[in-house]
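Step one of this worksheet: look at the structure below.
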Amino acid sequence: QSTGPIKLGTLTPLTGAGGPYGPVMAAAAKAVADQVNAAGGVLGRTVEIISEDDQTNPEAGVRAARKLIDVDGVQAIMGTWASSVTTAVAPLCWESQIALATVSGADTITQLPHQGYLFRTQPNTALQGRKFGEFAIEQGAARVFFMTPQTPFVESQFGAIKAAVEAAGGHVDLLVYDDKKSSYRSEIDEMLAFNPDMLVLGGYTPDTTVLLKDVYRSGFGGKLLAFAYSVNQKLVDELPADVVEGIFTISPSPAEGATGYSELSQLINVTSPDTYTAQVYDQINLILLAIAVAGTASGTAIKDDLRQVSQNPEGVEVANAVDGLQALAAGQAVNYNGASGPCDFDAIGDILDCQFRYEQVKDGTLTWLKTA
Amino acid sequence: MIPLIQAILNGIMAGSLLAIPAMGLTAMFAVLRYANFSIGALATIGAFAAWYANTVFGWSEIPALIAAFVVAALVGMLVEQLALKRLRPAGALTVAIASIAASVLLENVVRFIFGNDLRAFDTPLVRDWFFWGLRVGPQQLQNVIIAVVIMALVFGFLSLTRYGKAMRAVADNPDLARIYRMDPQKIAMATVALGTGLAGVGGMLLGLDSAIEPMTGSRLLLPIFAAAVLGGLGSIPGALLGALIIGVGEEISLLFMPATYRSAIGFVVILLVLSMRPQGILGERR
Amino acid sequence: MSLLEVRDLRHAFYRVPVLNGVDFSVEAHEFAGLVGPNGAGKSTLYNAISGLFIPDAGTVTFDGHDITRMTPHERVALGLVRTFQMARGFPKLTVFQNLMLYAQDNLGEGLLASLFGSRTGKQAEEAAAAEALAIAHRLRLDHVIDNPLTALSGGQKKLVEIGRALMARPKMILLDEPMAGVNPTLTQQIADHLRGLNADGITICLIEHDMPLIGQLCNPVTVLAEGRTLMKGTFDAVISNLDVQEAYLGARKEHA
Amino acid sequence: MLSYLVFALITAGIYGILALSLNLIWGAAGMVNLGLVGFFAVGAYASALLTTLTGMPIWLGLICSMAVGALVGVAATSATLRLRGDYLAIVTLGFAEVVRLVALNERWLTKGADGISGIPRPFAGLLNPAQFQIFYMVLVLAIMIVAFLLLRRIDRSPFGRVLKAIREDQELASFAGKRIVRFKMIAFALSAALAGLAGGLYAHFQSYISPDHFQSLLTIYIFLAVTAGGVGRPAGAVLGAFLVVGFLEGARFIAHIIPGISAVQAASVREMMVGLALILILQFRAQGVLPEQRLPAPKR
Amino acid sequence: MLEANAIVAGYGAAEQILKGASLNVQAGELVTIIGPNGAGKSTLLKTIAGLVPAKEGKITLAGQDVTAQSALERAKSGFAFVMQERNVFGMLQVKDNLELAYSGPRRGFASARDAMMDRYPVLAQRRHQLARTFSGGQRQILAMAMALLTKPKILLLDEPTAGLSPKATNELFDAIIALRNEGMPILMVEQHALEALQISSRGYVLVAGKDAATGTGAELAADPEIRRLFLGG
Ligand SMILES: Nc1ncnc2c1ncn2[C@@H]1O[C@H](COP(=O)(O)OP(=O)(O)OP(=O)(O)O)[C@@H](O)[C@H]1O
Ligand SMILES: Nc1ncnc2c1ncn2[C@@H]1O[C@H](COP(=O)(O)OP(=O)(O)OP(=O)(O)O)[C@@H](O)[C@H]1O
Ligand SMILES: [Mg+2]
Ligand SMILES: [Mg+2]
């Protein structure tokens with residue numbers, strides 16, 4: 001297929017448990033496509049985004065992916081969120097020689113025999129856990145309590161937190177809760193019984209909202225640390241100010257001074273886009289650049305030439321596809337540094353290195369503390 | 001001892017949230033003899049209506065509660081009129097299944113209009129009260145009281161007033177009701193308004209306690225249904241009791257079970273109770 | 001030993017006593033009658049005998065077995081079948097299917113026989129079908145044989161009720177007002193048939209308010225009143241009893 | 001496009017087997033199994049674990065998924081078979097929840113939320129992906145048709161007649177001398193076995209399963225399928241399953257035609273259409289497209 | 001008073017059960033319909049009461065055409081109907097059955113109910129019992145009491161004595177005669193056919209959806225052919 005628009009698919013959760021995240025992700029991909037098309041497209045072809053809903057359900061996700069691949073003929077699928085969906089969809093992709101870019105966290109994903117067709121922009125979960133633990137220590141916490149719903153990465157995350165905190169002589173404990181409940185009073189009682197001075201929240205926005213309210217009611221006096229994708233500006237705005245004041249958040253981030261994140265924020269008109277949106281933004285930029293470098297729009301081309309644009313030491317640094325395409329047109333090599341990080345990948349498709357941005361809710365807004 | 005009492009208190013507070021929509025479900029079942037599963041989506045709609053009234057019009061809690069009731073009841077009647085009414089001759093289960101389809105439809109109408117974002121009410125959160133090493137939430141206490149009051153009102157209405165008796169008569173035998181000058185259509189609609197309105201109120205209280213999004217209500221549909229069955233489908237006090245038992249059972253289970261198995265405990269409680277009382281706690285034998 | 005023997009049966013619903021120590025027995029091959037005022041407890045007695053509920057006290061023995069606490073189907077398996085006063089049935093199934101379901105020991109009902117069509121199963125099924133058609137014909141149900149029960153008249157439902165008992169060919173049939181609502185002419189024909197069954201050895205117990213019919217068919221007749229056995233005797237002895245006349249038959253006024 | 005249709009047919013075939021399972025237990029015997037997806041999951045996990053851990057051949061795994069489905073089904077529900085229908089509904093609902101929680105939390109057995117990947121596919125080495133799909137479609141549809149023929153036979157047989165009697169009035173059925181608990185147990189075991197088989201077929205097709213696969217939405221879809229197709233008639237169940245898959249997939253294309261809506265709005269339109277289509281079918285055919293048949297009595 | 005003319009009716013779209021049945025009841029008349037099972041007697045009463053729609057024909061009450069009215073409207077215009085089956089609210093207590101049946105001004109209820117309970121003491125003794133636990137005969141009595149509480153203009157009775165003891169049957173017939181004597185038009189279906197015809201002013205024999213014969217009660221009861229075919233001897 002070498003004429004007509006270049007077709008790319010997003011497969012994000014638009015309904016179901018991941019519902020709060022998927023829509024913005026799809027919108028971000030679309031916005032990049034529009035931007036690129038306005039600047040003349042890629043290889044002289046326009047870019048078309050087809051958005052399907054994985055319903056946060058691998059069964060439905062596979063059905064949607066089949067449609068994207070077999071009917072729409074997309075060359076890449078971006079944005080799969082739930083690890084189970086990614087794992088279910090991945091074989092379809094490598095069998096059909098389609099690239100799959102994911103934001104899922106489960107460690108097992110990149111160990112699948114994907115022959116390079118899969119890459120993910122989400123940093124390794126153990127790494128995130130370590131950052132949590134180190135930050136807790138830094139904040140002077142000696143007793144850290146981790147509350148999380150059941151996810152594929154509970155163990156590795158908790159293990160890393162534990163290692164980091166115990167190395168500094170602290171204590172940790174874990175509670176895995178059921179994320180479909182409307183109140184967590186007894187879970188909080190259990191947490192209080194441990195008497196932690198820092199509570200780490202591992203959930204997503206819906207359950208974290210409920211949890212934070214109950215934490216507030218309980219009069220818990222310790223510090224709170226959460227993923228920025230759950231305690232985002234939206235949540236901060238919606239909850240009463242006293243409930244969220246002082247919460248620390250942590251998220252993967254590009255190096256300080258990189259422009260990708262703020263450009264994304266402008267492009268989709270969202271004050272502080274969550275990490276998943278930033279990652280999808282990076283995914284489509286990378287894919288378009290890889291296509292441009294390869295000169296053909298195919299999954300194999302993307303797979304083969306992704307690292308040409310993501311981590312080319314000779315390349316000029318670019319933070320979006322339009323700039324990158326221009327640079328390529330001018331005969332330069334490019335090195336993409338995006339909104340979620342520098343986007344350099346190892347052989348199995350994991351990101352090599354990532355910085356984290358630390359923020360804290362101050363007077364009702366997420367305020368930057370540091371990037372490290 | 002303290003943790004046990006605390007768990008019971010927590011359970012009562014959690015259970016009272018399920019109770020109101022469960023009473024709506026059971027009230028409709030008492031009269032119409034089918035389980036209207038659209039109450040999940042209608043609870044969401046009630047929550048959104050109240051949220052809209054609260055954050056956009058600035059209404060306070062009680063008027064917002066009324067808005068939740070009215071809007072959910074109107075939508076509920078519309079669903080009954082357009083989608084369910086004509087199916088009644090085909091049997092209770094067909095209607096119940098159609099109400100699930102209606103629920104899917106409604107949930108996505110909400111999603112279409114409001115998106116998936118979480119929303120919260122513009123009301124202050126209150127810290128718990130502490131005494132004797134226990135803590136209770138004033139707002140949750142208020143939910144318990146609302147649930148009990150609604151239970152008393154609805155129960156009194158159905159069993160003491162002539163209109164309430166007429167509702168049950170229609171449930172029993174619509175043809176005979178017609179001969180005795182009762183209008184099954186009107187009465188069915190009134191029941192649906194009552195039941196779905198209660199679902200709306202339940203949705204708002206749920207939203208006050210947690211957050212509002214298109215799945216707020218349907219997420220809890222199963223425990224709500226379970227509460228109604230446990231109490232004995234058709235029994236209003238039963239629905240309240242069933243909800244409290246499920247709530248307390250789940251919270252107590254946390255004392256000795258991993259929290260992730262919490263919702264399974266609800267079902268174990270149901271199994272235990274039902275094996276002793278097959279008709280539900282307060283259910284009438286059929 | 002009687003075929004059916006009920007001793008000192010007692011039962012109360014929500015503390016309201018209904019059976020207050022009923023003694024009742026039916027000998028093998030008898031055509032017994034059971035009468036009594038409305039609310040005397042006749043149907044309740046049948047309910048206890050057939051296993052609809054377990055009585056508070058007393059025993060029921062049938063054919064030498066203590067059946068007081070057996071499940072209904074175990075009692076049927078022993079050869080005791082009943083009909084209901086308020087005709088019930090499987091509403092969406094046809095008259096034919098309703099009848100077929102009462103055929104006992106139908107080997108065709110096994111899963112394997114149903115799936116793979118065993119010879120004996122097929123034969124049993126065919127025999128039952130022939131029987132069902134004959135009974136339907138006798139009960140004037142031919143033209144509604146494929147109707148679901150919901151599409152029958154009140155009397156026709158009662159006829160199906162009778163028909164099901166006939167299908168079972170058990171040791172004993174308990175009939176609860178089978179003729180109420182059945183046209184008098186047909187009643188006569190059914191009565192003849194019942195008498196024939198009885199002659200073939202099937203024990204029958206009949207509850208009826210139609211006194212001429214009881215007189216025609218039953219001997220002995222037991223009278224139940226207020227949950228107790230008032231008396232048992234021949235039909236003539238029963239109707240000439242003053243207590244029975246007072247409680248049950250009523251003084252007959254001449255109508256203007 | 002062709003491979004998409006093949007895929008859709010495989011999905012429909014698996015849904016069809018599930019619908020047949022539900023129709024047997026609900027349509028024929030009147031027992032409401034709200035935990036259908038739980039039995040589907042049990043079957044899927046059984047075959048997946050046995051084939052990946054013990055290297056059992058796939059056909060044996062599938063047989064085991066039926067056996068395990070039936071066993072677990074009977075064990076979970078035997079206590080309720082004496083009780084009225086609503087309680088079976090609740091117990092099965094709880095069963096599905098417990099299955100999901102066990103699959104999610106008992107990592108030693110099920111690998112938790114990670115799920116089990118690398119489940120073997122039959123003849124995977126011999127066929128390329130496209131050939132495999134076609135082979136699997138034939139396999140699934142053939143199994144579905146066999147199941148359909150068997151269930152239709154049951155439906156019209158004396159055994160099926162007893163089930164229907166139990167559905168109509170189980171108390172009366174016992175007064176007709178039927179051992180209702182036994183009949184219900186057999187029916188439930190059969191139905192659970194079928195759901196388990198569907199699960200096994202699903203697992204070996206997808207080669208990956210996880211707790212997320214088994215959400216109650218699937219149970220809802222199957223209930224909708226059976227209701228729309230016609231409760232109490234195997235052909236109706238199969239038709240309903242194909243209709244539902246048709247709606248689920250067809251709605252995608254329609255949702256994309258509507259201009260000016262966001263992705264999430266398109267997704268909600270898609271689901272709305274599925275709900276609406278089923279409501280509309282029921283408005284016009286309250287008994288489903290292929291209503292239950294009444295067999296005429298044989299002629300004298 | 002009541003006139004039904006060439007009624008065609010049935011259940012569902014295609015089926016015809018009544019194929020042009022006609023009858024009338026004059027003021028102060030007791031009219032009995034007899035006929036074999038499945039002839040359409042109940043269907044005719046249900047059509048008159050409005051529970052089964054008439055496909056053809058006309059029904060008038062006191063000169064007013066009610067054919068187009070619903071069952072509810074007809075009940076309001078003065079029909080009372082004791083159905084053959086399911087004629088009480090089984091899930092309600094006896095006292096609630098009576099309360100719902102009563103249709104006069106609220107404050108007259110207590111005395112009307114007490115009068116009814118005096119007439120049928122079983123209703124007073126068992127006022128809190130659920131109607132569905134009543135014995136067959138008790139149920140018939142309750143149904144009759146409910147119909148009478150509506151103070152109807154015309155009374156339709158479908159086998160009111162089915163299941164009643166001989167004594168209760170006689171008492172009920174006496175009560176019906178008393179009502180007739182008060183001027184209440186009554187249309188009754190009975191399988192106690194001979195007794196019913198004896199107390200009726202007129203009777204109809206309904207066969208296969210049509211009125212096959214009519215005459216005074218005594219005439220019909222004496223007709224040997226009718227006796228043989230429908231009266232059992
Ligand atoms: N579940 C119950 N609760 C309370 N009372 C009951 C219940 N079942 C039956 N009764 C009462 O028990 C008595 C006996 O009823 P039963 O049906 O046995 O009478 P019967 O002799 O068959 O009368 P009939 O000739 O009218 O059919 C009646 O007074 C009835 O009201
Ligand atoms: N709900 C129904 N749907 C379809 N057909 C029906 C229905 N009710 C009755 N029928 C049929 O209509 C015919 C007349 O029924 P109807 O009840 O009027 O008879 P009937 O004269 O009252 O008989 P009975 O003396 O047995 O009560 C019967 O053949 C019956 O099969
Ligand atoms: Mg009786
Ligand atoms: Mg009749």
Side-chain angles (χ1 to χ4, degrees), chain B residues 29 35 37 41 79 82-91 93-113 115-117 214 221-222 225-226 228-230 232-233 258 260-271 274-275 278-280 283 285-286, chain D residues 26-27 30 32 34-35 76 79-80 82-87 89-102 104-105 216-217 219-221 223-224 226-228 231 261-262 264-288 291:
Chain B
F29 186 88
F37 289 113
V79 169
L82 296 181
L84 305 182
K85 195 176 83 179
R86 276 199 279 169
L87 302 183
R88 258 183 256 149
L93 274 163
T94 302
V95 189
I97 303 300
S99 76
I100 294 181
S103 195
V104 172
L105 181 66
L106 291 179
E107 183 182 313
N108 283 288
V109 170
V110 172
R111 181 171 288 121
F112 188 89
I113 301 173
N116 284 330
D117 293 337
L221 186 59
L222 297 191
F225 178 56
V229 173
L230 180 58
L233 265 177
T260 36
Y261 277 109
R262 183 168 148 178
S263 35
I265 292 302
F267 288 106
V268 173
V269 172
I270 292 174
L271 246 179
L274 290 181
S275 54
Q279 68 273 39
R285 279 208 281 169
R286 267 178 273 159
Chain D
W26 176 42
V32 182
L34 291 181
T80 67
R82 247 166 265 276
L83 307 180
R84 255 205 2 247
D86 334 2
Y87 305 115
I90 279 296
V91 167
T92 49
L93 198 61
F95 171 78
E97 183 72 6
V98 170
V99 168
R100 195 183 63 82
L101 290 174
V102 168
L104 194 58
N105 294 307
S216 49
L217 194 65
T219 307
I220 292 179
Y221 285 159
F223 265 91
L224 291 173
V226 173
T227 312
V231 186
I261 56 175
S262 68
V264 61
Q265 285 177 325
S268 45
V269 166
R270 195 171 82 79
E271 305 233 321
M272 268 186 238
M273 283 192 298
V274 175
L276 195 62
L278 290 159
I279 289 175
L280 286 178
I281 289 185
L282 292 178
Q283 293 304 303
F284 292 109
R285 297 201 67 126
Q287 309 286 353

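Values reported hereafter were calculated over all heavy atoms of this structure, with side chains retained and with hydrogens, waters and symmetry mates removed. Numbers restart at 1 for each chain; the letters A, B, ... are given by sequence-line order, proteins then strands.
In terms of non-hydrogen atom pairs under 4.5 Å with chain B, the most contact-rich of Leu278(D), Asn105(D), Thr227(D) is Asn105(D). Per-residue heavy-atom pair counts under 4.5 Å with chain B were compared for Met273(D), Arg270(D), Gln265(D), and the maximum is reached by Gln265(D).
If you measure heavy-atom distances from Leu106(B) to chain D, you find no contacts under 4.5 Å at all. For a residue to count as touching a neighbouring chain, one of its non-hydrogen atoms must lie under 4.5 Å from one of that chain's; by this rule Leu217(D) does not touch chain B. If you measure heavy-atom distances from Leu280(D) to chain B, you find no contacts under 4.5 Å at all. For Glu97(D), the part sitting under 4.5 Å from any heavy atom of chain B is the side chain, from C-beta outward, and nothing else. For chain D, the nearby part of Ile100(B) is the side chain; its heavy atoms alone come within less than 4.5 Å. Using a 4.5 Å cut-off between heavy atoms, Val102(D) touches chain B through backbone and side chain atoms alike. The contact between Leu93(D) and chain B is made by backbone and side chain atoms together, counting heavy-atom distances below 4.5 Å.
Atom CG of Leu101(D) is separated from atom CZ of Arg262(B) by 12.0 Å, given to the nearest 0.5 angstrom. Between the CD1 atom in Ile97(B) and the CD1 atom in Ile279(D) there is a gap of 12.0 Å [rounded to 0.5 Å]. Taking OH of Tyr261(B) as the reference point, atom CG of Leu104(D) lies at 8.0 Å (rounded to 0.5 Å).
In this structure a side-chain-to-backbone donor-acceptor pair under 3.5 Å is present from Ser268(D) to Val264(D). Not a single donor-acceptor pair under 3.5 Å links the side chain of Gln287(D) to the backbone N or O of Val231(D).
The aromatic rings of Trp26(D) and Phe223(D) sit tilted relative to each other, their planes meeting at an angle between 30° and 60°.
With contacts defined as side-chain heavy-atom distances shorter than 4.5 Å, the pair Phe112(B)/Asn108(B) does not qualify.
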